[in-house]
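Each remark here refers to the structure printed beneath this line.
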Amino acid sequence: MATSYKEISRVFKAFCDENRLQILELLRSGEKCACKLLDELHITQSTLSHHMKILCDAGVVIGRKEGKWVHYSIDEKGAKHAQMLLKQQLTLNEFIEPDDECCNK
């Protein structure tokens, strides 16, 4: 497998929290300033920073600094990569020979 399990888990971790899912939902309509995300989510700035670091490290969100605020958006390339990883993990391998050493023998 070309992608490491560590990279795959980093991407999937980004989707394993309600706040991060809510952030992604807000970003689906386009770029948002961190201040807008704070208003919508009713969380502290440090909590938002924590979630944004996970999303950015996973490659699904990118940040653009403007003044004292960061504006976040979904990274289209990262989103396609995450989709590919999920599809890869859930696609059955058709050409693997069955295991002859079954525990039911």
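- Taking CD of Glu40 as the start and CG of Leu48 as the end, the distance is 12.0 Å to the nearest 0.5 Å.
- Salt bridge status for Glu18 with Arg20: absent, with no side-chain N to carboxylate O gap under 4.0 Å.
- Across all their heavy atoms, Asn19 and Asp17 have their closest contact at N-OD2, 2.8 Å.
- Heavy atoms of other residues, nucleotides or ligands lying less than 6.0 angstrom from NZ of Lys65 number more than 12.
- Nearest heavy-atom pair across Trp69 and Ala34 is CE3-CB, 3.9 Å.
- Met52 and Phe12 fall within the same hydrophobic cluster, defined by Ile, Leu, Val, Met, Phe, Trp and Tyr side-chain heavy atoms under 4.5 Å apart, directly or through other members.
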Working for side-chain contact (heavy atoms from CB on, under 4.5 Å), residues Ser73 and Ile62 = CA-CA 6 Å; Ser73 59; Ile62 53 174; 3.5 Å; yes

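- Residues satisfying the salt bridge (Lys or Arg N to Asp or Glu O under 4.0 Å) test with Glu25, not counting sequence neighbours, are none.
- Of all heavy-atom pairs spanning Ala82 and Val11, the tightest one is CB-CG1, 3.6 Å.
- The shortest heavy-atom contact between Ile74 and Leu24 is CD1-O, 3.8 Å.
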When you look at His50 and Ile54, which way does the side-chain contact (heavy atoms from CB on, under 4.5 Å) test go after all the steps?
-> CA-CA 7 Å; His50 169 75; Ile54 292 170; 3.4 Å; yes

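- Taken to the nearest 0.5 Å, the OH atom of Tyr72 stands 13.5 Å off from the CG atom of Leu26.
- Here the CD atom belonging to Gln89 is positioned 4.5 Å from the CD1 atom belonging to Ile8, to the nearest 0.5 angstrom.
- Remark: the backbone N or O of Gln45 is paired with a side-chain donor or acceptor of Ser49 at under 3.5 angstrom.
- In this structure, Cys56 and Gly63 approach most closely via the heavy-atom pair SG-N, 4.4 Å.
- Between the side chain of Lys32 and the backbone N or O of His71, no donor-acceptor pair lies under 3.5 Å.
- Considering CZ of Arg10 and OH of Tyr5, their distance stands at 15.5 Å, rounded to 0.5 Å.
- Electrostatic pairing of Arg64 and Glu31 counts as a salt bridge here, judged by a charged N lying under 4.0 Å from a carboxylate O.
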Yes or no on side-chain contact (heavy atoms from CB on, under 4.5 Å) for Val60 and Asp75, after CA distance, side-chain angles and deciding distance?
-> CA-CA 5 Å; Val60 295; Asp75 183 328; 6.0 Å; no

So Lys80 and Met84, side-chain contact (heavy atoms from CB on, under 4.5 Å) or not? Walk me through it.
-> CA-CA 6 Å; Lys80 286 181 182 179; Met84 182 274 304; over 6 Å; no

Please assess Glu7 against His81 for the test side-chain hydrogen bond (donor to acceptor under 3.5 Å, both in side chains), listing each intermediate value before the final yes or no.
-> CA-CA 11 Å; Glu7 180 187 346; His81 181 67; 2.8 Å; yes

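- Of the options Leu90, Leu85, Thr91, a side chain to side chain contact (heavy atoms under 4.5 Å, CB included) to Lys87 is made by Thr91 and by none of the others.
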